[in-house]
Number of protein chains: 2
Amino acid sequence: MTISLTEENYIKAIFYKSNSNNIGVSTNSLSNHLKNKASSVTDMLKKLADKKLIRYKKYKGVLLTLKGEKIAINIIRKHRLWEVFLMEKLNFSWDQVHDIAEQLEHIKSEELIKRLDSFLGKPTLDPHGDPIPDEKGKFNETKSIPLNECKILKEIIFIGVKNHTISFLKYLTSIGLGIGDKFKIEAINDFDNSYQIKVKKNNLVFISNDLASNILIKIKNE
Amino acid sequence: MTISLTEENYIKAIFYKSNSNNIGVSTNSLSNHLKNKASSVTDMLKKLADKKLIRYKKYKGVLLTLKGEKIAINIIRKHRLWEVFLMEKLNFSWDQVHDIAEQLEHIKSEELIKRLDSFLGKPTLDPHGDPIPDEKGKFNETKSIPLNECKILKEIIFIGVKNHTISFLKYLTSIGLGIGDKFKIEAINDFDNSYQIKVKKNNLVFISNDLASNILIKIKNE
DNA sequence: ATTATTTTTTAGACTCATCTAAATTTATTT
DNA sequence: AAATAAATTTAGATGAGTCTAAAAAATAAT
Ligand SMILES: [Mn+2]
Ligand SMILES: [Mn+2]
Ligand SMILES: [Mn+2]
Ligand SMILES: [Mn+2]
């Protein structure tokens, strides 16, 4: 059975929109995510259900089958491995890799991915701190919290981003923040819940609560 | 103007079928090459002509415009760079790279190709000895002759293949022949125009005329 | 110069992925 | 419990890319 590029993108979208609860993904949320009309989504859901990649009940939302989930995870694996390649080998910046990986993730060759994985040293995290599932589809999730949930002045490690837009990533770069960096919360303004942090020897940086909610961290020594 | 993957494959096919003489490529030859029906080819030729990528006169065959040619050469450049990547960095063998490169050549990012080119050390030849056009589209052709045109017992350098099928490439590998190898013609059988050659310290290998016609060589010290 | 053959184009149909507009179902308010 | 609003599906249409069958043009053979 062959799966088209379009079908792959639907499968991936369903995976991303799936909650850990067993509640089905709604047609509208897929419609928004994929920027297709809801009626187009319905058409595709019927097709994916025929192929046993999803479980679909009219009006009731949709869930991936095991088969569908495997496909989704494999695409994500490919996407993130290519992102590592683009960053580590071709020196792209972390805000440039996603769009190109969106294309590369659809290249069909299991052997290619196996070799790419080895070539890159079997990385476990992509340039944005997201875990790369292994060949069997296992994610190695490191638990993190958004910076704005941290209410104490602590030493912090920056381990991921919730927002993946180019402008957000570029902004973080501009204030000297990269994945793995340690920084210190110097002050929390309890009026607007904004932060002042100090990255290495840089000056203090002001971070709005909105920004802080998209910065995923781990508290040092914990 | 965007060019679809399908259109790219037609443009590439037209480029490959173009003779150095200014004779148009026929509908049937494209039909054979692409394994599409002639009627489908005609449809696409109309579309490509509308986009000014080809010059097309009904019943008269087709020629690439300068614009079309540029696109064709760029696709070939991408294809061959990816082949080098697959072979040099991911250790694929020369018979495995083509099919994957057929997919990779359609990835759209000029920046990606620029960086890939640098990463690979700006190679000028692909794994099959074919020239890689530079950023400006210039090919650096090295002149070669098919082995079966060489009628004297000489020292030879193997510099390319005319046939790119997996089975042919695998066979060459099995007799110890790889691009750049030097070998000596030990005998030419004038009954069937077959060859006996000696690769390095290996035993003698018998090469049929048919095989020899697909082996591109350069005579050593000439 | 006709006739026959081959090549190419046209006509009409199909699948995939999408859309708009209308109908239907589900959820929310009164 | 109706009425209203929101979400979802159905119906019908479109463009890209393909196909088969038939018509037309170009070539080759008599
Ligand atoms: Mn990404
Ligand atoms: Mn990522
Ligand atoms: Mn190739
Ligand atoms: Mn090649």
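Quick note on labels: first sequence line is chain A, next is B, and so on, each numbered from 1.
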Please determine if a side-chain N or O atom of B:Lys60 lies less than 4.0 Å away from the OP1 or OP2 oxygen of D:dA25.
no
With no angle test and no hydrogens, is the base of C:dT20 tied to the side chain of A:Ser39 by a donor-acceptor pair under 3.5 Å?
yes
What orientation do A:Phe158 and A:Trp94 show, parallel under 30°, tilted 30 to 60°, or perpendicular over 60°?
perpendicular
Using atom NZ of B:Lys46 as one end and atom P of D:dG15 as the other, report the distance to the nearest whole Å.
16 Å
Length of the line joining B:Glu7:CD and D:dT18:P, which is rounded to integer Å
10 Å
Euclidean distance, atom CE of residue A:Met44 to atom C1' of C:dT18 [Å, nearest integer]
9 Å
Side-chain N or O of A:Tyr56 closer than 4.0 Å to phosphate OP1/OP2 of D:dT8
no
Take the protein atom CG of B:Leu45 and the nucleotide atom C1' of C:dT8, then report the distance between them rounded to whole Å.
10 Å
Closest approach to the side chain of A:Asn28, judged atom by atom: which nucleotide of D:dT8, D:dA26, C:dT18 is it?
D:dT8
For B:Lys37 and D:dT20, what is the distance between atoms NZ and C1' respectively, to the nearest whole Å?
9 Å
Out of D:dT8, D:dA26, D:dT18, whichever nucleotide has its closest atom nearest the side chain of A:Ser26:
D:dT8
Atom-to-atom span, OH of A:Tyr59 to C1' of D:dA5 - whole angstrom
15 Å
Categorize B:Ser40 for me: base, sugar-phosphate, or nothing, with a 4.0 angstrom heavy-atom threshold over every strand shown.
base
Could you tell me whether A:Lys89 sits above the aromatic face of A:Phe119, with NZ or CZ closer than 6.0 angstrom to the six-membered ring centre and within 45 degrees of the axis?
yes
Nearest-Å distance for atom pair CG/C1', residues A:Leu48 and C:dC16:
13 Å
To the nearest Å, give me how far apart CG (B:Asp43) and P (D:dT18) are.
9 Å
Just to be sure I understand the rule, does B:Thr27 reach a base, reach only the sugar-phosphate, or reach nothing, if contact means heavy atoms closer than 4.0 Å?
sugar-phosphate
Before giving the answer on side-chain hydrogen bond (donor to acceptor under 3.5 Å, both in side chains), spell out for B:Asn9 and B:His106 the whole-Å C-alpha distance, their side-chain angles and the decisive distance to 0.1 Å.
CA-CA 9 Å; B:Asn9 282 332; B:His106 300 290; 3.1 Å; yes
Suppose we call a contact any N or O donor and acceptor under 3.5 Å apart; does that hold for the side chain of A:Thr42 and the base of D:dT10?
no
Are A:Lys218 and A:Ile156 close enough that some pair of their side-chain heavy atoms sits under 4.5 Å apart?
no
Exercise: identify the closest heavy-atom pair between B:Cys150 and B:Ile145:
CB-CD1, 4.3 Å
